[in-house]
Amino acid sequence: MTVMIYNTMTKSKEPFEPLEADSVKMYVCGPTVYDNAHVGHAMSSIVFDVIRRYLEYRGYTVRHVMNYTDVDDKVIIRANELGEDPLELAGKYIRRYDAHLKALNVLPAEAYPRVSQEIDQIIEMVSGLIEREIAYEVEGDVYFRVSSDEDYGRLSHRNLEELQAGARLRVDDRKEDPADFALWKSAKPDEPAWESPWGKGRPGWHIECSAMSLHHLGEQIDIHGGGNDLIFPHHENEIAQSESFTQKPFAKYWVHNGMMQLSGEAMSKSTGNVFNVNEFLESYEGDVLRVLILNASYRSPLTFNEEVVEQAVRALDRIKGGLRPATPLAKIPSGTETALAEATDVARRGFEASMDDDFNTAGALGHIFNLVKEINQARTAGLEAEPLGKAQETLQELTGVLGLKLSVEEMILGKEATPYIDLLVEVRQELRQAKQWELSDLVRDRLADLGIQIEDGKEGPTWHAI
RNA sequence: GGCGACGUGGCCAAGUCCGGUAAGGCAUGGGUCUGCAAAACCCCUAUCGUGGGUUCAAAUCCCACCGUCGCCUCCA
């Protein structure tokens with residue numbers, strides 16, 4: 001089976017065939033770092049992390065690059081408000097974003113280029129576009145001549161007439177055409193600026209991604225990703241710039257994630273709801289956000305609210321429950337082991353079929369939950385640790401492809417606590433034999449407070465970390 | 001005004017491209033187990049926004065309408 005991938009350019013699912021047989025080049029537009037990241041940014045990072053992980057599961061080597069936009073109007077405005085240096089402010093948010101990515105278990109990219117560190121490459125590209133008369137300079141500003149690109153609009157499926165009909169186009173006499181966009185902006189007071197052939201200034205927004213992608217991944221890439229809010233104008237302009245410069249097709253597959261809806265008053269901070277990544281991570285582990293996001297289609301809008309978060313917490317607990325140790329019984333129904341082995345295969349095949357279909361993570365999760373159920377049934381039937389463990393390994397592997405950690409917090413205790421817990425469980429058992437319910441429940445409740453859950457099964461009690 | 005997306009059980013949501021009688025999770029109710037509890041297991045809960053049309057057959061195709069949302073020069 002081949003992986004099918006939805007391409008915004010063709011508006012259809014296409015078989016995934018990278019430019020080179022086993023290697024995938026993937027460039028994803030990262031955030032403009034002028035404020036704390038919110039869960040929508042995290043959604044994008046998680047979506048493309050899962051795409052990467054699945055392609056790796058499928059045997060590809062993935063070269064993943066994500067940029068940080070640290071030179072931008074918003075950064076400058078924010079820095080001026082706070083009386084800080086724009087690049088320092090951006091650097092601070094980049095460090096936070098890095099920490100978030102780690103906490104969210106997003107695999108490290110090959111490179112995280114920043115605009116401020118790629119000025120030379122950007123200037124080189126802008127110069128090249130001017131030489132080809134695709135761009136023109138006016139009083140220290142450089143604009144891309146949209147009319148020079150016959151294909152302009154083919155990603156967002158618009159044409160220039162439609163764009164010009166749009167009410168929001170600002171009129172600027174210095175541009176040849178209202179749709180022309182800035183490649184380089186002349187310096188204004190109190191802005192970070194770099195020397196260039198057109199005087200001091202800074203790059204426009206779109207050119208950075210063309211230049212960075214070229215610099216780090218080469219002229220042609222396989223996947224270009226980002227939020228669907230970037231389709232126009234950002235990605236449209238990237239295509240225009242890159243292809244005008246290299247005379248080659250830029251990205252083979254354009255992949256866009258849907259927007260997370262941080263809707264309504266329910267999301268306000270005053271009600272205690274979280275939507276910043278750091279606030280979210282204060283209350284929940286990263287896996288919760290993953291489950292929440294992966295339970296839906298990455299291309300569709302996703303509503304984020306407290307109820308959905310709670311559902312994700314429970315769903316995650318259920319998956320973790322599948323990893324609980326075996327509680328073997330003397331008599332096991334015949335066929336339990338082979339049934340579980342078969343169910344494991346079915347789950348893996350279903351998982352792959354779903355993921356092959358444009359990374360249908362919600363469908364894939366369905367198969368994972370089915371596997372959890374099978375494991376639980378086998379455990380309830382009394383299957384021994386080893387055959388149960390095989391199914392659990394598959395569960396770990398598949399959830400790992402989705403980037404779930406499934407960390408059980410027994411680490412807080414450390415192995416050395418185990419004999420003492422065993423002792424307490426044993427004491428409680430003695431108390432139960434003596435029908436000293438109050439005391440035995442006290443032990444159970446206090447252990448629960450400490451994060452240890454006792455469960456009374458047919459063959460006596462077992463315990464696990466919560 | 002233009003381009004596009006979405007509307008499936010109480011909630012989230014897969015399935016829609018390749019039509020054949022609705023995955024999964026959460027919640028609820030009932031049951032098994034149990035001193036109680038927890039967990040687990042078993043059972044129950046939908047005809048797919050509305051109205052037409054095509055078809056032996058439609059959540060899936062076509063038309064219209066309603067509703068929600070995104071983008072239209074710098075937001076993942």
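Per chain, numbering begins at 1; letters A, B, ... match sequence-line order.
Nucleotides B/A57 and B/U21 place their P atoms 15 Å apart, quoted to the nearest Å. For the P atoms, the distance linking B/U60 with B/U50 amounts to 11 Å, nearest Å. Nucleotides B/U73 and B/U68 are separated by 24 Å at their P atoms, to the nearest Å. Going from the C1' atom of B/G51 to that of B/C12 covers 29 Å, rounded to whole Å. To the nearest whole angstrom, the two P atoms, one in B/C6 and one in B/A14, are 10 Å apart. Rounded to whole Å, the separation between the C1' atoms of B/C41 and B/A5 comes to 41 Å. When the C1' atom is used for both B/C48 and B/C36, the distance is 43 Å, rounded to whole Å. If you take atom P in B/G20 and the same atom in B/G52, they sit 24 Å apart, rounded to whole Å.
As a whole-Å value, the separation of A/Asp357 CG from B/G15 P is 7 Å.
Checked against B/C6, B/G35, B/A76, the side chain of A/Ser300 finds its nearest nucleotide in B/C6. The nucleotide whose nearest atom lies closest to any side-chain atom of A/Asn257 is, among B/A38, B/A13, B/A76, B/A76.
Here A/Phe369 does not count as stacked on B/G25, because the ring centres are not under 5.5 angstrom apart with planes under 30°.
Across all strands shown, A/Arg432 has heavy atoms under 4.0 Å from base atoms, whether or not it also approaches the sugar-phosphate. At a threshold of 4.0 angstrom between heavy atoms, the contacts of A/Asn237 with the nucleic acid are absent. Using a 4.0 Å heavy-atom cutoff across all strands shown, A/Arg318 reaches sugar-phosphate atoms only and no base atom. Note on A/Gly225: nothing from the nucleic acid sits closer than 4.0 angstrom, heavy atoms only. No contact: A/Ser12 has no heavy atom under 4.0 Å from any strand. Counting non-hydrogen atoms under 4.0 angstrom, A/Glu307 reaches the backbone sugars and phosphates but no base.
Salt bridge annotation for A/Arg428-A/Asp456: present, with a cationic side-chain nitrogen under 4.0 angstrom from a carboxylate oxygen. Salt bridge status for A/Asp35 with A/Lys74: absent, with no side-chain N to carboxylate O gap under 4.0 Å.
The side chain of A/Thr32 contributes an N or O atom lying less than 4.0 Å from OP1 or OP2 of B/A76. Distances shown here put every side-chain N or O of A/Lys373 at or beyond 4.0 Å from the OP1 or OP2 atom of B/C41.
A/Asn305 contributes no side-chain N or O that forms a donor-acceptor pair with the base of B/C12 under 3.5 Å. With hydrogens and angles left out, the side chain of A/Arg444 and the base of B/C36 share a donor-acceptor pair within 3.5 Å. Below the 3.5 angstrom threshold, one finds a donor paired with an acceptor across the side chain of A/Asn295 and the base of B/C12.
With a 4.5 Å cut-off on side-chain heavy atoms, A/Ile207 and A/Phe144 do not count as touching.
Aromatic ring centroids of A/His235 and A/His256 lie under 6.0 Å apart. Taking the six-membered ring wherever Trp is involved, the centroid distance between the rings of A/Phe304 and A/Phe275 does not fall below 6.0 Å.
Comparing A/Asp441 and A/His367, the nucleotide of RNA chain B nearest to each residue sits closer to the 5' end for A/His367. Nearest-nucleotide assignment on RNA chain B puts the 5′-proximal partner with A/Ser156, out of A/Ser156 and A/Phe48.
With A/Tyr253 as the fixed residue, the side chain to side chain contact (heavy atoms under 4.5 Å, CB included) test singles out one of A/Glu17, A/Met9, A/Met26: A/Glu17.
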